[in-house]
Amino acid sequence: MSQKIVIDKEECLGCETCSEICPDVFGFDQDEEKAYVIKPEATEVECVEEAISSCPAECISIE
Ligand code: SF4
């Protein structure tokens with residue numbers, strides 16, 4: 001089974017850290033003030049781990 005990157009939107013604080021660290025993988029919806037995943041399959045991209053560990057809400061995961 002392939003893994004994918006998931007954001008728990010309920011928990012997202014809208015800080016934009018993930019999209020700043022890793023803009024190819026994470027986007028930010030300015031209207032909703034929530035981050036979203038542009039490339040869920042991009043689990044191997046280096047900055048993804050950094051975004052996960054930098055998220056203050058700890059709401060990004062790989063499932
Ligand atoms: S780093 Fe976490 S809390 Fe901040 S915008 Fe991204 S998902 Fe939301």
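All values reported here derive from a predicted model rather than from experimental measurement. Order of listing sets the numbers, starting from 1, for every ligand and every atom in it.
- Residues Phe26 and Phe28 fall into different hydrophobic clusters, defined by Ile, Leu, Val, Met, Phe, Trp and Tyr side chains chained together at heavy-atom separations under 4.5 Å.
- Ligand 1 places these atoms under 4.0 Å from at least one heavy atom of Cys59: 2 (Fe), 7 (S).
- Counting atoms of ligand 1 from 1 in the listed order, those under 4.0 Å from a heavy atom of Thr17 are 1 (S).
- Backbone or side-chain N, O or S atoms of Cys15 reach atom 4 (Fe) of ligand 1 at under 2.8 Å.
- Not a single N/O/S atom of Cys12, whether from backbone or side chain, sits less than 2.8 Å from atom 2 (Fe) of ligand 1.
- Contacts of Glu16 with ligand 1, taken as heavy-atom pairs under 4.0 Å, involve the backbone alone.
- Nearest non-hydrogen protein atom to atom 3 (S) of ligand 1 is Leu13 N, 3.2 Å.
- Summary of contacts: the protein heavy atom closest to atom 2 (Fe) of ligand 1 is Cys55 SG, 2.3 Å.
- Heavy atoms of Ser19 found under 4.0 angstrom from ligand 1: none, in either backbone or side chain.
- A distance below 2.5 Å between sulfur gamma atoms is not met by Cys12 and Cys59.
- A pairwise comparison of heavy atoms in Lys9 and Lys34 identifies O-NZ, 3.0 Å as the closest pair.
- Residues Val48 and Ala42 come closest through the heavy atom pair CG2-O, 3.5 Å.
- In the hydrophobic cluster analysis, where Ile, Leu, Val, Met, Phe, Trp and Tyr join through side-chain heavy atoms closer than 4.5 angstrom, Tyr36 is grouped apart from Val25.
- For the residue pair Glu49 and Ile62, the shortest heavy atom distance occurs at OE2-CD1, 4.1 Å.
- Residue Cys18 approaches ligand 1 through these ligand atoms, each under 4.0 Å from one of its heavy atoms: 1 (S), 5 (S), 6 (Fe), 7 (S).
- Residues Val37 and Val45 fall within the same hydrophobic cluster, defined by Ile, Leu, Val, Met, Phe, Trp and Tyr side chains chained together at heavy-atom separations under 4.5 Å.
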